[in-house]
Amino acid sequence: MRLNEIEASIIRRRPWPHAVIFDMDGLMYRTEQMIREAWDIVGPEVVGYPLGNEIFHTMGMNRALRVAYFEKKFGKDFPYADFEKKYKDIVTRKKRTEGIPVQEGLFKLLQYLSNEKIPMVLATGSSSVHTYLNLAVTRTPNVFHTVICGDMVRAAKPDPFIYRLACQKLGMKPEETLVLEDSVNGVKAGYAAGTPVIMVPDLQKDTSEVDDLYFRKMGSLLEVRDFIRSRYQV
């Protein structure tokens, strides 16, 4: 649902950013670490050795791109469906029994943006099933104007489609929004969409490939909150 014209007009009179678009895995939750550990467990069963480090090459991708990546690297016979079922069973069981680690400052950032009535969108490459499981397990407040999942879009990061769609749903120009990302592929997507990006790295520490593309790099979502708050206090 788009913001109505009155809402959009009020928001545009205030400082930038007029809306914040969130990635999820790695940015909001430490779920990529959980996936990496599961790939290390399942890898020996399918190729004979752990596959956890492949996460660095597939961050931000949806299922179709991950399938293509694994088949290109390991051959068309790579049993992705079996691999996927096994690792997702491990991750889902762990989420339900042990919970999901939440990134520092997430809830304080969401609360601040909500209090300031700054619209938020969640735009993730994860499937709808896992996105809503993550939101439920972590008891993340229902503050998002729109939730866009990987199985709802025709192209995945680093393609800019998901961020352009987020802007369309907000009824805003890309430059009016702010994207929060933790991965190289996500930064590429935001940059190509024309949305300024703050990168908050998690597993992917080497950001040199996109150091010229993001607006700022910060150490936590708490820093992001403080940055936006400083703009709104001017």
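In this structure, Lys188 NZ and Tyr163 OH are separated by 14.0 Å, a value rounded to the nearest 0.5 Å. Leu180 contributes atom CG, which lies 6.5 Å from atom CG of Leu109 (distance to the nearest 0.5 angstrom). In this structure, the separation between CG on Asn134 and CE on Met34 is 8.5 Å, given to the nearest 0.5 Å.
Note: Phe83 and Trp39 have tilted aromatic rings, judged against thresholds of 30 and 60 degrees for the angle between ring planes. Classification of the Phe144-Phe22 ring pair by plane angle, with boundaries at 30° and 60°, yields perpendicular.
When atom types are taken as modelled, the side chain of Glu32 and the backbone of Ile55 share no donor-acceptor pair closer than 3.5 angstrom. With Ser114 contributing its side chain and Leu110 its backbone, the two residues share no donor-acceptor pair below 3.5 Å. Not a single donor-acceptor pair under 3.5 Å links the side chain of Arg225 to the backbone N or O of Ser220. Looking only at distances, a side-chain donor or acceptor of Gln103 sits under 3.5 Å from a matching main-chain atom of Gly26. Under a 3.5 Å cut-off, the side chain of Arg14 and the backbone N or O of Tyr232 do not form any donor-acceptor pair. Between the side chain of Thr195 and the main chain of Gly190, a donor-acceptor pair closer than 3.5 Å is present.
Summarising the local packing, CG of Asp77 is surrounded by 12 or fewer heavy atoms from other residues, nucleotides or ligands at distances under 6.0 Å. Crowding of Lys72 atom NZ: a count of heavy atoms from other residues, nucleotides or ligands under 6.0 Å not exceeding 12. Dense packing is recorded around OH of Tyr214, with more than 12 heavy atoms of other residues, nucleotides or ligands lying under 6.0 Å away. Within a 6.0 Å sphere centred on CD of Glu209, heavy atoms belonging to other residues, nucleotides or ligands number 12 at most.
Remark: Asp82 engages Lys86 in a salt bridge, criterion side-chain N to carboxylate O under 4.0 Å. Under 4.0 Å is where a charged nitrogen must lie from a carboxylate oxygen, and between Arg93 and Asp89 no such pair does. Look at Glu223 and Arg216 and you find no salt bridge, because none of the NZ, NE, NH1 or NH2 atoms lies under 4.0 Å from a carboxylate O.
Side-chain atoms of Val210 and Val197, non-hydrogen and from C-beta on, never get closer than 4.5 Å to each other. Side-chain contact between Lys173 and His18: absent, with no pair of heavy atoms (C-beta onward) separated by less than 4.5 Å. Using a 4.5 Å cut-off on side-chain heavy atoms (C-beta onward), Ile21 and Met120 make no contact. In this structure, Val187 and Thr207 have side chains that are not in contact, with every pair of non-hydrogen atoms separated by 4.5 Å or more. Between Leu51 and Phe74 the shortest side-chain heavy-atom distance falls below 4.5 Å. Side-chain contact check for Ile228 versus Leu178: some heavy-atom pair is nearer than 4.5 Å. Asp23 has its side chain within reach of Lys157: a pair of non-hydrogen atoms, C-beta onward, lies under 4.5 Å apart. Side-chain contact between Leu122 and Met28 is present, with heavy atoms from C-beta onward closer than 4.5 Å.
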Go through the steps to decide whether Asp206 and Phe56 satisfy the test side chain to side chain contact (heavy atoms under 4.5 Å, CB included), and finish with yes or no.
CA-CA 10 Å; Asp206 180 7; Phe56 295 105; over 6 Å; no
Working for side chain to side chain contact (heavy atoms under 4.5 Å, CB included), residues Tyr80 and Arg66
CA-CA 9 Å; Tyr80 189 86; Arg66 277 187 170 170; 3.6 Å; yes
Quick one, Glu84 with Arg63, criterion salt bridge (Lys or Arg N to Asp or Glu O under 4.0 Å). Give me CA distance, side-chain angles, the key distance, then yes/no.
CA-CA 9 Å; Glu84 180 182 50; Arg63 185 182 188 276; 2.8 Å; yes
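Residues Ile198 and Tyr112 share a hydrophobic cluster, clusters being chains of Ile/Leu/Val/Met/Phe/Trp/Tyr side chains in contact below 4.5 Å. Neither Tyr132 nor Val129 shares a network with the other; the hydrophobic side chains, linked directly or stepwise wherever heavy atoms of I, L, V, M, F, W or Y lie under 4.5 Å apart, form separate groups for each. Residues Ile41 and Val46 share a hydrophobic cluster, clusters being chains of Ile/Leu/Val/Met/Phe/Trp/Tyr side chains in contact below 4.5 Å.
The two atoms that bring Arg36 and Gly52 nearest to each other are CG-O, 3.3 Å, heavy atoms only.
Asp202 pairs with exactly one of Leu27, Asp182, Asp25 by the side-chain contact (heavy atoms from CB on, under 4.5 Å) rule, that one being Asp182. Residue Thr140 forms a side-chain contact (heavy atoms from CB on, under 4.5 Å) with just one option from Thr138, Val137, Asn142, and that option is Thr138.
With hydrogens and angles left out, the side-chain atoms of Ser127 and Asp151 include no donor and acceptor closer than 3.5 Å. Using a 3.5 Å distance cut-off with no hydrogens or angles, the side chains of Ser183 and Asn185 do not pair a donor with an acceptor. In summary, the side chains of Glu54 and Tyr69 do present a donor paired with an acceptor at a separation below 3.5 Å, with no hydrogens or angles considered.
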